[in-house]
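One is the number of the first residue; the rest follow in order along the sequence.
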Amino acid sequence: MTNRPTRRQLLGWGVAGVASGVAGCSQAPSNQTTASTSAAGTQPPDNGSAETPESTPLETVALETLATGFDAPVAIEFTTDGERAYIADQVGRIAVYESGSLRDEPALDLGDSVEFGGEKGLLGLALHPDFAENRRLYVRYSAPRRSGTPSNYSHTFVLAEFRATDDGRRIARDSERTILEIPQPQGNHNAGDVAFGPDGYLYVAVGDGGAGGDQGNGHVSDWYDAVGGGNGQDVTENLLGSILRLDVDGRDGDRPYAIPEDNPLVGQDGLDEHYAWGFRNPWRFSFDEDSLLVGDVGQNEYEEIDRVERGGNYGWNVREGAHCYGASECPSETPDDVRGGEPLVDPVVEYPHSGDGVSGISVIGGYVYRGAELAGGQGTYLFGDLQLRGRLFAATPAPDGSQSQWSTRVVDIAEGDSETLDQLLSFGRDPTGELYVLGVGPEGGGVHRLVSA
């Protein structure tokens with residue numbers, strides 16, 4: 001167990017640790033500070049996924065503050081009726097927002113179980129699709145090394161189930177049921193997002209294990225010899241560098257979950273939990289109906305958004321975005337003897353660490369907008385970068401629904417609101433399709449609704 005830092009300590013070094021951790025090994029210019037949560041249990045309104053943005057695109061948004069007083073808010077989850085929201089703070093607390101304000105006492109305090117610092121902490125939260133009836137929710141956090149985690153590893157990844165009280169205002173601490181534990185070699189690249197897909201299964205984002213380049217302690221060898229490592233291209237030795245897909249309503253032998261029968265490696269060479277692989281640090285992801293959109297934090301040069309499909313390989317550490325990593329030339333697919341020569345899928349959005357326009361140091365995955373407040377935003381994927389600089393980003397999905405590159409542009413945060421947040425940590429979406437940004441500013445951590453400027 002680690003001692004909880006003060007707010008002053010967090011803002012002085014903890015959030016900078018979040019920043020450097022989310023960005024991993026990115027090298028930012030000296031004037032930069034180095035550095036997506038699906039509304040699980042809710043379904044966005046059926047505005048039609050084929051709907052295209054209006055002729056006048058969204059150019060500016062304003063921020064309407066929902067709640068403040070957090071250290072580093074990383075997730076917000078709404079009940080399906082929209083009457084209550086649960087907000088996860090990275091230091092280990094889950095707060096309840098209802099009737100226009102935060103309740104004084106947290107619904108759950110995991111401070112005695114969470115190892116906090118840098119990218120470690122309480123990182124993900126998802127409500128079961130039937131939360132209104134079964135009161136089950138799922139929490140992803142970093143714990144001190146548990147049994148089965150090597151002594152030279154950093155910590156243990158924990159995915160756990162809890163139950164809320166009937167009134168929804170408390171989460172029973174003694175209701176914890178561990179679903180999954182994964183040994184984590186280093187303290188960074190933890191990813192951490194969890195969300196239920198439209199199929200009712202729980203999707204879990206797992207980083208490559210940390211350090212840099214998917215190399216070093218805890219990073220296994222793979223089929224690609226030009227760059228040492230790594231976990232992103234391996235599906236047999238561990239669950240790192242992947243998106244997992246679990247049936248938390250079932251049981252499989254001694255495992256406290258079941259494997260969906262159509263997971264891509266069932267009956268194949270590999271661990272059955274894998275849904276897609278080739279990721280470095282998939283910090284935040286979201287669903288838009290049946291599309292899974294993952295923001296994967298880059299290494300030194302490029303950030304990416306991936307449109308993830310079952311069994312897809314998204315390239316790390318052979319490729320960073322659509323570019324070769326660590327080599328002047330690289331393949332665009334695996335060898336024939338590695339799962340039949342699967343393609344390394346390029347991102348639908350890529351942006352550089354330098355230059356004007358859409359650029360930054362650490363991507364924060366967002367959502368396709370399905371609300372009514374932001375004129376010109378309907379059908380647009382809104383996302384951002386940890387280094388906020390008074391702006392968000394918008395991407396227009398390819399009209400044919402393909403893996404083609406999406407066009408991107410900057411969306412400014414209105415003057416007067418642009419100084420509210422210095423660092424963007426996450427997005428959220430309510431049952432009506434409206435979006436929220438979570439981050440840290442001069443006054444600490446807060447949650448803010450995106451509204452028309």
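Ion pairing of D422 with R389 is absent here, as no side-chain N (NZ or NE/NH1/NH2) approaches a carboxylate O to less than 4.0 Å. Taking a cutoff of 4.0 Å between a charged side-chain nitrogen and a carboxylate oxygen, R307 and E309 qualify as a salt bridge. Looking at R173 and D109, no side-chain N of the basic residue comes within less than 4.0 Å of a carboxylate O on the acidic one, giving no salt bridge. A salt bridge is defined here as a Lys NZ or Arg NE, NH1 or NH2 lying under 4.0 Å from an Asp or Glu carboxylate O, and R136 with D249 meets this definition. Between D385 and R391, no side-chain nitrogen of the basic residue sits less than 4.0 Å from a carboxylate oxygen of the acidic one, so the salt-bridge criterion is not met. A salt bridge links R255 with E273: the closest approach of a Lys/Arg side-chain nitrogen to an acidic carboxylate oxygen falls below 4.0 angstrom. Note on R163 versus D174: no salt bridge recorded, every NZ/NE/NH1/NH2 to OD/OE distance being 4.0 Å or above.
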Can you list the steps and then say if R370 with D288 is a salt bridge (Lys or Arg N to Asp or Glu O under 4.0 Å)?
-> CA-CA 9 Å; R370 298 295 178 191; D288 182 52; 2.9 Å; yes
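When only modelled atom types and interatomic distance are considered, E342 and W277 share a side-chain donor-acceptor pair under 3.5 Å. No side-chain donor-acceptor contact under 3.5 Å links Q405 and D346. Counted by atom type alone, Y314 and E304 present zero donor-acceptor pairs between their side chains at under 3.5 Å. Defined by atom type and a distance below 3.5 Å, a donor-acceptor pair is missing between the side-chain atoms of Y201 and R245. A donor atom on one side chain and an acceptor atom on the other are found under 3.5 Å apart for N238 and N231. Side-chain contact of E303 with H353: a donor-acceptor pair under 3.5 Å is present, judged by distance alone. Under 3.5 Å, the side chains of N313 and E333 contain no donor-acceptor pair of N or O atoms.
For the ring-ring contact (aromatic ring centres under 6.0 Å, His included) with Y325, the qualifying choice from Y224, Y302, W316 is W316, the only one to do so. When each of F285, W283, F393 is tested with F383 by the rule ring-ring contact (aromatic ring centres under 6.0 Å, His included), just one qualifies, namely F393.
Annotation for N152: atom CG counts as buried by contact number, over 12 foreign heavy atoms lying within 6.0 Å.
Between Y436 and F427, the ring center distance fails the sub-6.0 Å criterion. For F131 and Y86, the distance between ring centers is under 6.0 angstrom. When ring centroids are compared, Y138 and F196 come within the 6.0 Å threshold. For Y369 and Y381, the ring centers are positioned 6.0 Å apart or more.
Looking only at side-chain heavy atoms (C-beta outward), V139 and I171 stay at 4.5 Å or farther from each other. At a threshold of 4.5 Å between non-hydrogen side-chain atoms, the residues L63 and L450 count as touching. Within the 4.5 Å cutoff, the side chain of L180 has heavy atoms near those of the F157 side chain. Two residues are said to be in side-chain contact when any heavy atoms from C-beta on lie closer than 4.5 Å; V206 and D193 fail this criterion.
The backbone N or O of E237 sits less than 3.5 Å from a side-chain atom of D234, completing a donor-acceptor pair.
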